[in-house]
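Please read the structure below before turning to the comments.
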Amino acid sequence: MFETWNQETIWGWWHLGIGHTDGGFATWIGATGSFMYATVPNFPSPTITTSYEMLQAYTPSLKMVDAYPMAETGRYPVLGYQKNGRMNDLSKPIVDAASGYSTTGWTDNYKQPIDADWAPTFKAHNTTVGRDARYYSSIVPDGFYWPSDKIKKRWVSFKSTTDPMVTVPVTKYESAALNWVGYACRRWYRANTAFVTGADFTGAQRYVYPAFRLAEIYLNYAEACNEKTERDVDAAITYLDKVRERSGLNGIRTAYPEIAFENASGTTTIAGVSKTNKEWLRWLIQQERWCEFGMEAMRHYDMCRWMRAEDEYPCAPWTLNMKAENYEDLYTRVSNIMPMDNADFHYRDYFYPIISTQLAEMVNFTQNPGWE
């Protein structure tokens, strides 16, 4: 993300910033500074003063948080969710026990693994422990330290604390200017960047946003090799593993030895979920794509082209218990505090409606299904 025109950037988005031009050309590239004020928690201190109030309008969903694999086993811990009618119940994940993931309990004296060598140990919820490196490079769970040696503050959202290493108690929960979910997004944040002046947003975050990068080529190819009539399982797994290897994960055959990937029609059951082996490889490629491109605005389009959105989207607004009065109660999942409607998706939503004026001109066209 942060190396200008690195070997993995196939195509990047340039940003012609207002006030940052020279002879009609931008003097810097990338626009991620504009995201930062809407993702970073508020860190008031005598040495950090800024007119930029940290809104945390961009936050990862609980489903995004659940998606990342476990570092030791390389397995994706959550296979789906129990349903209440059409609605996915995010408080009842279907957990692959072989992954090593636990939905309950705490780890004492936990050392934050990425970009926080300076941070002391703390008590971490077990759902946040032992995850893929990309988890910690993309997400800051509630209770973790923000990855900046300029700030050195821990983000904890319960209301009552006097710990000087903890961010300001959440006194503005009822306002819109707060993270409602319980996880902060640091996907576009370069570690150890200060936020003291406006220049820290517009100046320190200058890099090309990767619209198309090498990992997408690899995962597109892996998907094609699994889906074509004459499957090439070895090639599919080879290119899937190329993406996983960079994060230090086991190869997919090592991570899932019970799946006979070559036997496409054979069925394997994991944690009560049964799929053909071709379907399992498809799911693993799709899950890796979710983690690799987390928060890069690709998931919705993938879900539509895979036609999985009808099954995956319906969901209440699940969050951590951001109204908790103590740290332990914070990690209870609730669906009744975020001020938004349930998410839903129907077959017609795979298509856009055709505007009536266009239909009037194109007399041989009909309206898309469900929009009649």
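Along the sequence shown, residues carry numbers from 1.
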Does a side-chain heavy-atom distance below 4.5 Å link Glu372 with Thr366?
no
Tyr135 vs Pro141 side-chain heavy atoms within contact, under 4.5 Å:
yes
Modelled atom types, side-chain donor and acceptor of Asn250 and Arg75, under 3.5 Å
no
Which distance, rounded to the nearest 0.5 Å, do you find between the OG of Ser138 and the CZ of Arg131?
11.5 Å
Assess the pair Phe144 and Tyr110: is the distance between their ring centroids shorter than 6.0 Å?
yes
Donor on one side chain, acceptor on other, Glu312 and Trp306, under 3.5 Å:
no
Got a sec, which residues hit ring-ring contact (aromatic ring centres under 6.0 Å, His included) with Phe293, two or more places apart in sequence or on another chain?
none
Run the salt-bridge test on Lys152 and Asp149 with the 4.0 Å N-O cut-off and return the result as yes or no.
no
Is any NZ, NE, NH1 or NH2 atom of the basic residue among Arg86 and Asp344 found under 4.0 Å from an Asp or Glu carboxylate oxygen of the other?
yes
Just jot down the ring-ring contact (aromatic ring centres under 6.0 Å, His included) partners of Trp290, sequence neighbours excluded, or say none.
none
Indicate whether the side chain of Asp66 and that of Tyr81 have a donor and an acceptor atom separated by less than 3.5 Å.
yes
Ile285 with Trp280, same ILVMFWY side-chain cluster at under 4.5 Å:
yes
